[in-house]
Amino acid sequence: MSDLLRRLPQVQALLAAPGIESLAATYSRQEVTDALRAKLQALRHDIQSGAASALPDFESAAFRAGLARQIEAQRKPSLTTVINATGILIHTNLGRARLASEALAAIETAGRDHSNLEFNLDTGKRGSRHAHVEGLICELTGAEAALVVNNCAAAVLLSLMATAQGKKVVASRGELIEIGGSFRLPDIIEQSGAVLKEVGATNKTRLADYAGAIDADTAVLLKSHTSNYRIVGFTSAPKREELAGLAHSTGTILMEDLGSGVLLDLSRYGLRDEPVVSDVLKSGVDLVMFSGDKLLGGPQCGILAGRADIIRSLQSHPLARAVRIDKLSLAALEATLRLYRPPHDPLKAVPVLRAIAQTEAELRSRAERLTGALSALGFNDAIAQPSEAYVGGGSLPQQALLSFAISVTAPPLSADALAAALRAASPSVIGRIQNDRFLLDVRTLSDDELPLVEAAFRAVLVR
Ligand SMILES: *Cc1c(COP(=O)(O)O)cnc(C)c1O
C-alpha cells in the first residue's frame, strides 16, 4: 500500500505529460489541474481503504477521457431547470413564478437591443425608467402613483427609510412577521432608522391600541400581511378604514406590506383571504408594497403603489437608486401587467394564475395520464390520489387547493433514495415524501412536462 502511495505522481508532473497537456487546449489549465488533484486525492483514498490495488495508466486514453468527463461534469450550468412536482405553486427555492411567454419575449428584446430605458423619445431628453410601468400599475390598482424596486423587501425598507427615519412606526404584535430568508419586520424597521412601537397582543389589537401609541414623533402605522402563518380563534384587528381614519386625523401614514399582492379576486378558486390591491387602496391605505414574482406572476421586483406625494418622496430618496429594478425585470413586468388588460385573460395568460384556475377535470386527467405512463414503465404501484396543493411564496398559508398526486415507490429503493435518483435526473424532478412513498402533485406540473417526468423515472430504472 505504501508502495502504491509512493508511486502516485505529482500533479505538476502529470500536467507536463504529453497526453494530458493536450487537454489544456480544450479546457483551462486550472480546470485540468483541479481535475487531476481530485483524481489523485480519490486514488489516495481508495489505496488507503484497500479499494484500489493498482495504479491506472496515467498515459492512457481512458485516463484522459475520465478527466475530460470530470471537467465536463464540473462545467454543467449551476442554475438549471427542475420540474416542480411539489404542489407548491410559488416555491421560493424553485424560482417562484414562471413567466408568461410575452414576458420572456420582452426580456429577450430588452437584452438584445438598446432601448428607451431612461430616454424620452418625445423630448429627446433623459427619461425615467419608472415611466414604463407606472401608468399600468395605477390603472390596475387605482393608485395615484407607483414605483418599482428590486424586490418587496427593498420596497419595505425604502418606504420606512424615506418616511420614518428617526421617527416611530406603530405595528401590531400580531403582524411582526418573519418570512423565509431572514426577512424580519422588526429588523427591517430597525435598519431603516425608525423606532418600532409594538401595540396590542399577538391575537388581538384594537384601534385604541394604535391611537394610544401615536405621539408627535409617530410617522407611520404599518400593517403587514401575515403571509406564512395565521392566528386563528379569539382574534381581532381594526378594519383598514378605521386605521386609515386614525392615520389621517393624526397626520401619520398608513402603510401595508401585502407580500403577495393579488390584482384580481381569486375567491372563486377557494382563495378567500388574499386582499386585492385595489380594495386595500380604496379602503384608505396610503401606500402598499407587494412582490412581482408571487401571485402577480411576473419577474422578481417590489411594487409600491399609493399616494403620489409619498411615491415622489420615495423616488427622490438615495436608496431608491441602490434598489432600482433592472431593465430585464422591468421589461418582463411591463409585459406581464399588459396581460391583465383586455383582450387578454390573466387567468389564461399568466402561468401562476392559470395554475390556480385549473379545473378538477384537467388535474384528474393529467394525474391519470402520468399514472398510466409510470405503470407502463414498470412502476406498478403508481396510483393517483387526492392531494392538497398550496400557493406558497408566503401567500395564503392555510388555504389548500384541491389537487391530485401520483403516489409511487420503486423497490428496492427507499422513498428517500427514489427522491435522490429523481433529483439526479436531467432535468431533476422534485416532489415530496409521505408515508415512505414519493408523491408527484400535478397542480404544479404542466402537460408538456409529463414526458420529462417519464424520462426521469426511466433514468431511475437504468441506474
Ligand atoms: C414575500 C414577502 C415579502 C418579501 O418579498 P420579496 O419580493 O421576496 O422581497 C415581504 N413581505 C411579505 C408579507 C411577504 O409575503
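Counting starts at 1 for both ligands and their atoms, following the listed order.
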Pairing donors with acceptors under 3.5 angstrom, does anything connect the side chains of H225 and E274? yes
Does an N or O from S260, backbone or side chain, lie closer than 3.5 Å to an N or O of ligand 1? no
Between E31 and S28, does any side-chain donor sit less than 3.5 Å from a side-chain acceptor? yes
Say whether Q300 and ligand 1 are in contact under the criterion: heavy-atom distance to a ligand atom below 4.0 Å. no
I want to know if ligand 1 touches C152 in the polar sense, i.e. an N/O pair below 3.5 angstrom. yes
Does one side chain, of T86 or N84, offer a donor that lies under 3.5 Å from an acceptor on the other? yes
Less than 4.5 Å apart, any side-chain heavy atom of R354 and any of Q358? no
Atom OG1 of T371 and atom CD1 of I406: how far apart are they, to the nearest 0.5 Å? 4.5 Å
Any nitrogen or oxygen of D293, main chain or side chain, under 3.5 Å from a nitrogen or oxygen of ligand 1? no
Answer with side chain, backbone, both or neither: which part of M289 has a heavy atom less than 4.0 angstrom from an atom of ligand 1? neither
For ligand 1, is any non-hydrogen atom under 4.0 Å from R96's backbone (N, CA, C, O), its side chain (CB onward), both, or neither? side chain
What about C301: any of its N or O atoms under 3.5 Å from an N or O on ligand 1? no
Is there a side-chain contact between V352 and D293 in this structure, where contact means two heavy atoms from C-beta onward sitting under 4.5 Å apart? no
